[in-house]
Amino acid sequence: QVQLVESGGGLVQPGGSLRLSCAASGSILSIYATGWYRQAPGKQRELVARITSGHRVNYADSVKGRFTISRDNGENTVYLQMNSLKPEDTAVYYCYVITATYDYWGQGTQVTVSS
């Protein structure tokens with residue numbers, strides 16, 4: 001019953017910042033990659049950021065220069081620092097971990113950017 005527990009979502013004003021956290025409740029072995037997806041109502045799920053076991057980092061073009069993904073191996077936690085937030089960033093954000101045998105997903109956390 002390994003779970004990914006997300007936190008840090010909420011309501012922020014345009015131009016503001018927010019940091020999302022995702023921590024595993026149990027041990028996860030043989031991690032290949034971890035990162036974040038987001039999905040807005042009526043839209044397809046979008047890959048936001050990803051970091052691999054080889055330290056390769058990828059970002060969606062829409063968030064490059066504004067979002068930063070990082071991983072704390074000691075605490076088994078992945079973070080998404082979001083700066084200069086825009087209304088179009090409003091979505092439910094899901095963290096994920098890909099292993100050699102199974103994929104794990106967080107429950108999702110709501111991020112709303114509005115005045």
Side-chain angles (χ1 to χ4, degrees):
Q1 296 184 353
V2 172
Q3 292 184 326
L4 303 182
V5 181
E6 301 180 15
S7 62
L11 173 65
V12 297
Q13 298 183 19
S17 298
L18 202 64
R19 188 178 75 161
L20 305 183
S21 300
C22 178
S25 63
S27 298
I28 303 179
L29 303 178
S30 302
I31 295 176
Y32 172 73
T34 184
W36 298 84
Y37 280 83
R38 68 184 181 186
Q39 187 166 28
K43 295 187 177 181
Q44 184 176 336
R45 180 175 292 185
E46 175 190 25
L47 177 63
V48 177
R50 173 177 58 194
I51 183 168
T52 72
S53 60
H55 310 295
R56 179 184 177 188
V57 178
N58 299 100
Y59 296 98
D61 289 339
S62 59
V63 307
K64 286 182 178 178
R66 300 188 298 118
F67 290 12
T68 303
I69 187 171
S70 61
R71 185 173 65 188
D72 185 336
N73 291 329
E75 298 180 357
N76 202 20
T77 304
V78 63
Y79 304 94
L80 185 67
Q81 178 67 46
M82 304 183 294
N83 298 325
S84 302
L85 283 163
K86 305 175 181 179
E88 50 263 43
D89 295 318
T90 296
V92 178
Y93 285 70
Y94 301 88
C95 67
Y96 74 92
V97 176
I98 298 175
T99 74
T101 59
Y102 197 76
D103 298 338
Y104 300 90
W105 291 87
Q107 81 283 358
T109 184
Q110 177 70 47
V111 172
T112 302
V113 184
S114 179
S115 299

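- Distance alone, capped at 3.5 Å, is enough to place a donor-acceptor pair between the Ser25 side chain and the Gln3 backbone.
- The two residues Ser84 and Ser17 have their closest heavy-atom pair at N-OG, 4.4 Å.
- Criterion: ILVMFWY side-chain heavy atoms under 4.5 Å apart, direct or through other members. Under it, Val57 and Val78 are part of a common hydrophobic cluster.
- Two residues are said to be in side-chain contact when any heavy atoms from C-beta on lie closer than 4.5 Å; Ser62 and Glu88 fail this criterion.
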>> Run Arg50 and Ile98 through side-chain contact (heavy atoms from CB on, under 4.5 Å) and show every step you take.
In response: CA-CA 10 Å; Arg50 173 177 58 194; Ile98 298 175; 5.9 Å; no

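- Across Ser21 and Thr77, no two heavy atoms sit closer than the pair CB-CG2, 4.4 Å.
- Put simply, the side chain of Leu11 reaches to within 4.5 Å of the side chain of Ser114, judged on heavy atoms.
- Atoms NZ and CZ, from Lys43 and Arg38 in turn, are 8.5 Å apart once rounded to the nearest 0.5 Å.
- Under the 4.5 Å side-chain contact rule for hydrophobic residues, Val63 and Leu47 do not share a cluster.
- Here the two rings, on Tyr94 and Tyr96, have centers that are 6.0 Å apart or farther.
- Between Asp89 and Lys86 there is no salt bridge, since no side-chain N of the basic residue sits under 4.0 Å from a carboxylate O of the acidic one.
- Annotation: the span from Gln44 atom CD to Gln39 atom CD amounts to 8.5 Å, rounded to 0.5 Å.
- Cluster membership for Val92 and Trp105, using ILVMFWY side-chain heavy atoms within less than 4.5 angstrom, is shared.
- Linking Ile, Leu, Val, Met, Phe, Trp and Tyr residues whenever their side-chain heavy atoms come within less than 4.5 Å leaves Ile69 and Tyr37 in two separate clusters.
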> Are Thr34 and Cys95 close enough, and set up right, to give a side-chain contact (heavy atoms from CB on, under 4.5 Å), and what steps lead you there?
Replying inline: CA-CA 7 Å; Thr34 184; Cys95 67; 5.8 Å; no

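- No more than 12 heavy atoms of other residues, nucleotides or ligands shown are found within 6.0 angstrom of CD on Gln13.
- The distance from the SG atom of Cys22 to the OH atom of Tyr93 is 14.5 Å, given to the nearest 0.5 Å.
- For the atom pair Asp72 CG and Tyr79 OH, the distance stands at 5.0 Å (nearest 0.5 Å).
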> Passes side-chain contact (heavy atoms from CB on, under 4.5 Å), Leu4 versus Gln107? Steps please.
Replying inline: CA-CA 7 Å; Leu4 303 182; Gln107 81 283 358; 5.9 Å; no

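- A distance of 11.5 Å separates CG in Leu80 from CD1 in Ile51, rounded to the nearest 0.5 Å.
- Separating the CG atom in Asn83 from the CZ atom in Phe67 is a distance of 8.5 Å, to the nearest 0.5 Å.
- Heavy atoms only, all atoms of each residue included: Gly8 and Leu18 are closest at O-CG, 3.3 Å.
- The same ILVMFWY cluster, assembled from side-chain heavy atoms under 4.5 Å apart, contains both Tyr59 and Leu20.
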